[in-house]
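See structure below.
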Amino acid sequence: MVKGRTEEAARRTPAGTCGPSGRLVERDREQRLLDDLLRGLRDGRSALVEVRGVPGAGRSALLRRAEELATAAGVRVAAAQACWEETGVRHAVAAQLHAAIAPRDSPLARELLRPGAAPDAALSGRLCRAFLAAARDRPLLVVVDDVQWADVESLRLLQALARRLAGAPVLLLTARSDALAPGPGERIELCPLADPGTVAAHTLVLDPLSPAGAGELLAGALGEPVEPELAEAAALAVDGNPAVLRVVADLLARPDRHAGPDRPAAPDRAARLREYATEAVRDRAVRTLGVLPEALLDVLRAIAVCGSDGTPDMIAALVWPRSMDTARALELLSGTGLLAPGERPAFRSERAAEAALAGLGAEQREELFACAAELANRAALPDGTPARMLLGARVIGAPWAVEVLRREAARLRAAGDQEASVRLLRRALREPVGPRLRVEILTELSILALPASPEGSDRFLHQALLDPVDPSAGPAWVRAADLLVARGDFASAVPLIAGVCAVPGVGARDRAALRALFWIARHGQDGAAREPHRPAVAELPRRPVEPAEAGAAAWLSALRGRDLTRTRELARAALAPAVLDGTPLAAQVAACHALVLTEDVAEAQLGLDAVLARAHRSNARAVAALALLIKALATLGEDRAEEAAVLLDRAEEVLPERCAHPLLAPALPALRTMAHLARGDLAGAERSAAAARPEEAGGGMARAYLAYARGRVRLAGADAEGALGDLHECGRLLLARQVANPALLPWRSAAARARALLADDAGAAGLIAEERRLALVWGAPRTLARALRAAGAVEREPGRGPGPAAPGRARTADPGAGHPARGEPASWQYRQALVAVGTAAVSGPGAVDGLLRSGPAPAGRAPAGPPAPPGRTAPGTVAPSVAGRPRPGAATDAEAAARPGRQALTTAERRVAALAAEGLANRAIATELSVTLRTVELHLTKAYRKLGISGRPELAPALASAPGHDERTEDGAPVRPAA
């Protein structure tokens, strides 16, 4: 569209004019000279003037102005326009000139219309005498535009006339384009014996417009002054070419025709000027290229391929067959206006270079780029030169091509040009590369594509882990799997990592790292997305040797909340300085999270700092963001909300919300909500909680964090019913993954606070008792203290229905935290827990049972019930005896053991019963043990009958006293069958 308007404007307006007056801009000196020469004709002084300039410099406009001045001075004008189509027509220009001084039916005019009727030399002599005779009668201005296209016979006439200018008052004015410099025998020169006082010779070279001249031209077209910045931008955009600028100015004076309902008008004239100038320069280049011979076009194509880095030797090597000397070709091309000045030839604009290559076919172009890339590589030019050439080249098939592309991609990535780096790595994948190198390139592409296209980043990692065939790619697979797990794409990571683990020949350390990443991903996988059959990946060993497996085992153990000492040892083994560089980053983050839960925060912070340093070196944004979230979580646990907010801001800066995986995206707003609550900013917490979209997160742990944060916000706002729903949702999500550790999220104590506000004392007591029991099992001091304080806080909460909270109570920053206020009596639960902690060990099943039965409850105190509504036990909770009093309707251990028919359970029945006692649903147990749902139901029925119980609430105490050996791992979990 712009091209058509450009051509229309070019036909309508003379180049170089300004406004209706037609005054030539910055051509005053040339006009004064022509005016003086024309006045000198009346005194008998002749002159030879040649006007030169690049295409569009205004040569034709200056010749038209000379004709106007001659007419005003009473000088006869004979003008002709040469064109390349008539270069082969004899006497074509001479006939146009003769028609201005003689009638068309004159004998000489008839001879010019019948070429070949007379010898050319004789005809040229007669024409020369005719012009001189006409000049003696009246001074004559002979004007020939584009003399470089004049036919040979007419050129001989002009040369003859120039040598005889002393015989008559003639001003011979010619214009020649610098695009084609005159060759031997084509110059028009005076007679060497001519008297300079009688005949003058001048050469006028038209310079580009200055910014001031460009502003004057624009002002004339727009009808208003223009700012200096716009004038300078215009002069720079068109290289001071008056013809191009005139076209641009004419288009700029019109309304923006591109604007419409789908595209608004350009915000300023500068944007439209750049757009129009780009198209106008390209159109001018196309027209210039159309008149050049093929030999010069070959040289221009070589220059376009080499760019500004091409040397004359490289250009000469690319031009084949060599029909013209390269130096001579460059000399001729220097006057076309296409090339920029400098030692190395290069196009003024990229559009002109594109136009030069447009005439080549795809195969020819790719071959030309390939040859140029090989020449640049042999010449040891900087990587940017051959890499740029390789983008347009065919497949090279040489190792150096991939190496150059990767090095240049790394340099551009460091410089911040991610898009160009991605293009180079994509081009590298077209070359033949080995499996390991291919995985490494795909991983690098994933890292680079993450900020702009998270989905594309994940696809690159999927490709890296698909179709594994060569075990030598093991380390590259580990890195790709590490990034995929850190991104949170667990649904894809589980089957892909399982497939890689099945490749025979993978090194033991790589296989261990992949196995650790598999179990981290499998635990974080959305329950709805799990496959019905477990992939064939071995369980983590009981005593891991490899640091990656130790990190994963520490994290899983910490989530279950068993054996704090062993968890701490595993996490430290995964973060030992000697193994940091070889351990997957996701496994290290998992180990750091485990240390946060064991309350070794200082060690966790040091480990996270090391992870951040590695992630920064490898540009692993997802890992860095995950590490910052864990640091913020640890900082929140130490009541440093302001520092946590800074860490969360850094995490969002490293990985914006739009780049986060949906399964992990709720983590950031959840932690930000808790940070606002810790600072007492309820309004900020409500905004952060409302900004999250939990429906996109599936059933991941990040959604559990968000549900907990929203429950806390609603509890602080006295919405006890809404808070209870969010907190129970948090518990459901955690228990579905066997996450029972209250150190992670104390949702039970918060839910107990909500139940207390709803006057559900039995439900609140059950939740508090369960959290206290789990805290005692885990044994971390801060977690235990929080559970004990929560017991006292709920005990002091007056029972009442839903409604506005008492001032200062419902808006507590931590609803699970609380201890007896100064001057208030401590509750019986608070006193009992303190005495129990001070008089008994806090590790091992026996110690826990002793703590739970350490003293009787006061008379009339309601026993602890299940943390679910009356008549229903919440998933994953156990209803133990509290303070030595059995739950109503439950048999004591002695009574249960004495019941008739009580038998030892089989191994299969014990495993199913143990998982059911942990809170797993029947379908989850079937998936865990790789059996059918019917098998689980049969085993549970038999276990109930043998133990003499009626349902799940009685499973835990019944199993503790059941005959037979209880098979458990070191951390207290039931032994699970190996895959």
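- Between Leu628 and Leu648, every side-chain heavy-atom pair lies at or beyond the 4.5 Å cut-off.
- Atom CD of Glu354 is surrounded by more than 12 heavy atoms from other residues, nucleotides or ligands within 6.0 Å.
- The environment of CZ in Arg650 is sparse: at most 12 heavy-atom neighbours from other residues, nucleotides or ligands sit within 6.0 Å.
- Although no hydrogens or angles enter the test, the distance criterion places a donor-acceptor pair under 3.5 Å between the side chain of Arg511 and the main chain of Cys501.
- Counting only heavy atoms from C-beta outward, the side chains of Leu744 and Tyr705 approach each other to under 4.5 Å.
- Using a 4.0 Å cut-off between charged side-chain N and carboxylate O, Asp383 and Arg407 make a salt bridge.
- For the pair Arg438 (side chain) and Val433 (backbone), a donor-acceptor distance under 3.5 Å is absent.
- The shortest heavy-atom contact between Ala548 and Pro584 is CB-CD, 3.7 Å.
- Ala591 and Ala574 make their closest contact through CB-CB, 3.8 Å (heavy atoms, listed as atom of the first residue, atom of the second, distance).
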Does Asp726 form a salt bridge (charged side-chain N to carboxylate O under 4.0 Å, His left out) with Arg712? I'd like the steps, not just the answer. CA-CA 9 Å; Asp726 285 328; Arg712 291 265 310 271; over 6 Å; no
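- In this model, no donor atom of one side chain and acceptor atom of the other lie less than 3.5 Å apart for His661 and Asp458.
- Counting only distance, with no hydrogens or angles, the side chain of Glu408 and the backbone of Leu424 share no donor-acceptor pair below 3.5 Å.
- Residues Cys730 and Tyr708 come closest through the heavy atom pair SG-CB, 3.8 Å.
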Does the salt bridge (charged side-chain N to carboxylate O under 4.0 Å, His left out) test come out yes or no for Glu652 and Arg672, once each step is laid out? CA-CA 11 Å; Glu652 187 171 14; Arg672 206 180 284 280; 2.9 Å; yes
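- What you find for Ala702 and Ala667 is that their closest heavy atoms are CB-N, 3.9 Å.
- Using a cutoff of 4.0 Å between basic side-chain nitrogens and carboxylate oxygens, Asp417 and Arg411 are not scored as salt-bridged.
- At distances below 3.5 Å, at least one donor-acceptor pair connects side-chain atoms of Trp519 with backbone N or O atoms of Ala538.
- More than 12 non-hydrogen atoms from other residues, nucleotides or ligands lie less than 6.0 angstrom from CZ of Arg344.
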Just do the side-chain contact (heavy atoms from CB on, under 4.5 Å) check on Leu633 and His593 with the steps written out, would you? CA-CA 9 Å; Leu633 186 64; His593 192 192; 3.6 Å; yes
Run the numbers on Arg413 and Glu444 for salt bridge (charged side-chain N to carboxylate O under 4.0 Å, His left out), then give the verdict. CA-CA 10 Å; Arg413 182 187 67 188; Glu444 292 174 13; 5.8 Å; no
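- Looking at residues two or more places apart in sequence or on another chain, you find a side chain to side chain contact (heavy atoms under 4.5 Å, CB included) between Ala398 and Ile396, Trp400.
- A salt bridge does not link Arg459 with Glu455: every distance from a Lys NZ or Arg NE/NH1/NH2 to an Asp or Glu carboxylate oxygen is 4.0 Å or more.
- In terms of modelled atom types and a separation under 3.5 Å, the side chain of Gln588 and the main chain of Thr583 share a donor-acceptor contact.
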For side-chain contact (heavy atoms from CB on, under 4.5 Å), just list the numbers for Ile447 and Arg479, CA-CA rounded to whole Å, side-chain angles, deciding distance to a tenth of an Å, and then say yes or no. CA-CA 11 Å; Ile447 292 173; Arg479 188 178 182 222; 3.2 Å; yes
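- Panel note: side chain Thr278, backbone Arg274; a donor-acceptor pair is recorded below 3.5 Å.
- Nearest heavy atom pair, residue Pro544 against residue Ala550, reads CB-N, 3.7 Å.
- Judged by distance alone, with hydrogens and angles left aside, the side-chain atoms of Ser446 form no donor-acceptor pair with the main-chain N or O of Leu442 at under 3.5 Å.
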Does the side-chain contact (heavy atoms from CB on, under 4.5 Å) test come out yes or no for Leu595 and Leu575, once each step is laid out? CA-CA 10 Å; Leu595 287 177; Leu575 297 173; 3.6 Å; yes
Between Trp555 and Leu597, is a side-chain contact (heavy atoms from CB on, under 4.5 Å) present by the stated rule, with each step listed? CA-CA 9 Å; Trp555 184 61; Leu597 297 179; 5.6 Å; no
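- Remark: side-chain polar atoms of Arg737 are paired, donor with acceptor, to backbone N or O of His523 under 3.5 angstrom.
- Note on Glu603 versus Arg568: no salt bridge recorded, every NZ/NE/NH1/NH2 to OD/OE distance being 4.0 Å or above.
- In terms of heavy atoms, Leu677 sits closest to Ala709 at CD1-O, 4.4 Å.
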